[in-house]
Amino acid sequence: MKAYNPHEIEPRLQLAWEEAGLFRSPDDSPAPKKYVLEMFPYPSGDMHMGHASNYTYGDVVARYAKMQGFDVLHPMGWDAFGLPAENAAVKHHSHPAIWTYENIETQKKSFSRMGFSYDWDRKVVACDPEYYRWGQWIFLKFWERGLVERRNSPVNWCPSCATVLANEQVIEGKCWRCDSEVEKRDLTQWYYKITDYAQELLDDLDQLTGWPERVKQQQANWIGRSEGANVDFILCDAEGNAPDAPTAEDIITVFTTRADTLFGCSFFVLAPEYAGLADLVAGTEYEQPVMELVEAAKKVSAVERAQGDHEKHGAFTGRYVVNPINNEKVPVWVADYIVADYGTGAVMAVPCGDTRDFEFARKYDLPIIPIILPEDDPLYPQLAGEQGRVVTEVDWPEAYAAEGILVQSGEYTGMKGGKHSEGEAAIVAALEEMGRGKRTVEFRLRDWLISRQRYWGNPIPAIHCPACGVVPVPEEDLPVRLPEDIDLAAGETLATHAGFAECTCPVCGGLARRETDTMDTFTCSSWYYMRYTDPHNIHAPFDSAKANAWMPVDQYIGGIEHAILHLLYSRFFTKVLRDLGLLDFDEPFTNLLCQGMVLDAHGDVMSKSKGNVVSPEEMIAEYGADAVRAYILFLGPPEKEKLWNEDGLPGMYKFLNRLWRQVHDLVGKAGDETLFQEAPAPEVAVKAAQKLARERHRVVQKVSADIERHNFNTAIAAIMELSNATGEYLRAFSPEARAACEDHIALDGEVAETLVKLMAPFTPHLADELWQKALGNEGFAYGQPWPEFDPEQAKADEVELAVQICGKVKARIMVAADAPEADVLVAAREAVAAAIEGKAVKKEVYVPGRLVNIVAV
RNA sequence: GCCCGGGUGGUGGAACGGCAGACACGACGGUCUCAAAAACCGUUGCCGAAAGGUGUGCGGGUUCAAAUCCCGCCCCGGGCACCA
């Protein structure tokens, strides 16, 4: 027997797999399909632990599916556009493509060295013009459908990255990539109208039964649907006189989810960025303080805003509006706690029912009108009978935002109040009746800002013509290629590049200017998984028949950090491409596995700057890829965060060595390395053989179930148990004794083959080597039929039962597995006879195969 | 503030409401060795010499039986957040 040497067998088998084209996926085959996909990486340099674990999980799922008889699509590619490549280019006075492609080669080698079963013929690289041209094509299709918009609005600007960012890329007021504070700027930018799909993106979360609940929750939060109503307030003079026939200029609309509290509205607030604000105060004594507030609000950084309990600032505009429900005159204020781009940017303030309005009212001494409170509130009896409008006489301690009973609310007094309440419905109905209100729904989700002022991205295929306006690049002119001669180190950009922007208008033929913004890299990752189904197509992004055949992805695996960003964008793309008639399904990813972060031993995120990055390469160099794979899998459930600690790695290597020996021993090829030492008593030996035969069935059953629910750690633990049973067995029978007996030869062969096949998804090199050299087979364990099991044969003839008295274990008995209940109870009583002596047995509970519980007092 | 997760030995982690701690790591003891390594065998939640007791963040409850279900807290992690 040769010793287990991963450093020799692993590279040799990787080459053999490649030569055999083992992982190539067929385009059409009658077998059922399984599309297993891991999120493609950004080519940042070396493979890190996050990659290693993520891709190991995927590889197990893919290899297991293959052994289950599925046609498997298991591709890999690179999310190759992005800022780090530009930074590297500046640093090394080179081109982003050089850095990117070098890193891709490095990572590809690392992935191969891990033994991942990718179909490299389907590799997709996002910065390849053959790929990004179709991203441009999709942009044009979105445009045709009215899903592209170019508009001026306040946007998030990262000064360090020198580009705008999408809402999803701002984390607590900071840039998702570089952590710099984000600024607000008014700029004209390109948007994908993802809000058109807000409702469907929310509704279809229910379809995603194979997704983790927390991811769906996060998406629902992000989409943030609120049901409510728009209510029109009308500008009036200081005496409360409003025009009888108000025009659009006289109306200010608010969005509210709490129309039931309309009687409690004691002031009215506009956002500092409210469009008509300047006109409202122009030329009045209020203009100066209001404009000062507007200026001050601009200076408050997003980070400060994000910090929460920010002190509120406001100013009176000198104007009034009329509350449509009771014709009361209400002062109009401007305040920095109102968000301009949510709802209408104007709010009816109800201090008694809203903590923010309450704080503001206290600070500026505005009236607080109690109109809702719980029935058991001490103030309730007083206010419920109150006919007038108590304002200051009642000491209102804090805002009451929950459900309650309406008081001092005219004909609605006594109704239930709260979100979606009786009172809310009644008041909205009344407003609708008088033409001053309308049911509506607001979403927190904003349109996706896709333009970036960066070079290393997919150019937006648009042309600015002085005569025709903004026009699309004709399809036949795609791709708009990135110019290769650019000197980023010298500060050159697409906008300043000589030649790139120059073009002629495709409509009028006149001199025009090409759009110089590129698209957010997340546009590239929103459809790459479709390209894998047809990666070499030069006529379309993909052939619909091929995409529909392979898609949706059966198992998607990636980091939790993409819970919103990538996964939401991809769902949006899928729905639009479906509406374009290119796809026949609604959701791209049927099942989603989100792996937890791999952290260092102290629980910190691994990063180059912290110098705590653990490289899988060194571990592979010492113990081989199979040991690293198995150890990663054994560490715990994939969803959980992993504090990296490699103390157990040598133990896993030891296990693989033991397995190697055992398989050789079972098939009579161990030579001097046989585990047999000294024959025990015959009945001990027989039991070891019986147990091994049973364990083989039980473990196959358990490993299959565990892989299917992604409990790889317990699957490996079960294989260890089979190995332990094998060890006992091999110690009990000499190789000669086993070779002389047909029954032994049969059992030995079955167990050896089972061990090899069970290990195949986890440690594919070891399995293939044993498959060929120890078991003497042709080909590879990869793709061999997964072992069968018989649940009946997994059962033991005799079982040990715990005997409890009142739930406490007092004894253990051995009984035949099929013993009648009466016999078992007799045996149980005997076993604890002394303890129940003189007590009355009130009840006996028998759980077959587990325990007997005797309730005796 | 709202919404999700999660608290189990020295460590990673197991446990369809049914013997808590599977499987490992580590530690300790042993076999083999001149010795060490490797390999193999055994012990290992805690207290206790033992009998026994005790034990899954804390306090209650349901149940013959609770890590698991219910109620009330405490701590840790994540998401959303002046979103009306």
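All values below come from the heavy atoms of this structure, side chains included, with hydrogens, waters and symmetry mates left out.
Separating the C1' atom of B:A20 from that of B:U68 is a span of 11 Å, rounded to the nearest Å. Taking atom C1' on both B:G9 and B:A22, the two are 14 Å apart, rounded to the nearest angstrom. A distance of about 25 Å separates the P atoms of B:G59 and B:G13, rounded to the whole Å. B:C40 sits 40 Å from B:C69 when the P atoms are compared, rounded to a whole Å. A distance of about 14 Å separates the C1' atoms of B:A67 and B:C58, rounded to the whole Å. Only the P atoms considered, B:U11 is 15 Å distant from B:A27, to the nearest whole Å. Spacing of P atoms, B:C41 relative to B:C47, comes out at 28 Å, to the nearest Å. Rounded to the nearest Å, the gap between the C1' atom of B:G18 and that of B:C25 is 30 Å.
Stacking of A:Lys312 on the aromatic ring of A:Tyr337 is recorded, both the 6.0 Å distance cut-off and the 45° axial limit being met.
For the pair A:Glu424 and A:Arg439, the salt-bridge criterion is met [side-chain N within less than 4.0 Å of a carboxylate O]. With salt bridges taken as basic N to acidic carboxylate O contacts below 4.0 Å, none links A:Arg661 and A:Asp665. Ion pairing between a basic and an acidic side chain is recognised when a charged N comes within 4.0 Å of a carboxylate O; A:Glu213 and A:Lys216 show such pairing. Between A:Glu227 and A:Arg225, at least one side-chain nitrogen of the basic residue sits less than 4.0 Å from a carboxylate oxygen of the acidic one, meeting the salt-bridge criterion. A salt bridge does not link A:Glu721 to A:Lys702: none of the charged side-chain nitrogens sits closer than 4.0 Å to a carboxylate oxygen.
Taking side-chain N and O atoms only, A:Arg731 has a distance below 4.0 Å to OP1 or OP2 of B:C41. The phosphate of B:A84 (OP1 or OP2) has a side-chain N or O of A:Ser226 nearer than 4.0 angstrom. Put simply, A:Tyr342 has a side-chain N or O that comes within less than 4.0 Å of OP1 or OP2 on B:A84. Dashed line: the shortest gap from a side-chain N or O of A:Lys842 to OP1 or OP2 of B:C64 is not under 4.0 Å.
Looking at the side chain of A:Trp222, the nearest of the listed nucleotides B:C80, B:A84, B:G79 is B:C80. Which of B:A65, B:A84, B:G53 sits closest to the side chain of A:Asn853 comes down to B:A65. Nearest nucleotide to the A:Leu851 side chain, out of B:A84, B:G79, B:G18: B:G18. In this structure, of B:C3, B:G18, B:A84, it is B:A84 that holds the atom nearest to the side chain of A:Ile338. Of all nucleotides listed (B:A81, B:A15, B:C64), B:C64 comes nearest to the side chain of A:Lys843.
One can place CD of A:Glu213 at 7 Å from P of B:G5, the figure rounded to the nearest angstrom. Straight-line distance from the CZ atom of A:Phe443 to the P atom of B:C80: 18 Å, rounded to whole Å. The distance from atom NZ of A:Lys808 to atom P of B:G52 is 14 Å, rounded to the nearest whole Å. Between the NZ atom of A:Lys640 and the P atom of B:G6 there is a distance of 10 Å, given to the nearest Å. In this structure, A:Arg225 atom CZ and B:C80 atom C1' are separated by 18 Å, rounded to whole Å.
Among the heavy atoms of the strands lying under 4.0 Å from A:Glu800 is at least one base atom, whether or not backbone atoms are also near.
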Pairs under 3.5 angstrom only: tabulate donor-acceptor contacts from the side chains of residues 848-856 of chain A to other protein residues two or more places apart or in another chain.
residue: A:Asn853; atom: OD1; partner: A:Cys806; partner atom: N; Å: 3.3
residue: A:Asn853; atom: OD1; partner: A:Gly807; partner atom: N; Å: 2.9

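The aromatic rings of A:Tyr729 and A:Phe733 sit tilted, their planes meeting at an angle between 30° and 60°.
No N or O donor and acceptor, one from the side chain of A:Asn221 and one from the base of B:C80, sit under 3.5 Å apart.
Here the closest heavy-atom approach between residue A:Asp336 and residue A:Glu311 is recorded as OD2-O, 4.0 Å.
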Can you tabulate the close N/O pairs, meaning under 3.5 Å, that link protein atoms to atoms of nucleotides 21-26 of chain B?
residue: B:A22; atom: O2'; partner: A:Glu721; partner atom: OE2; Å: 3.3
residue: B:A24; atom: OP1; partner: A:Asn724; partner atom: OD1; Å: 3.3
residue: B:A24; atom: OP1; partner: A:Asn724; partner atom: ND2; Å: 2.9

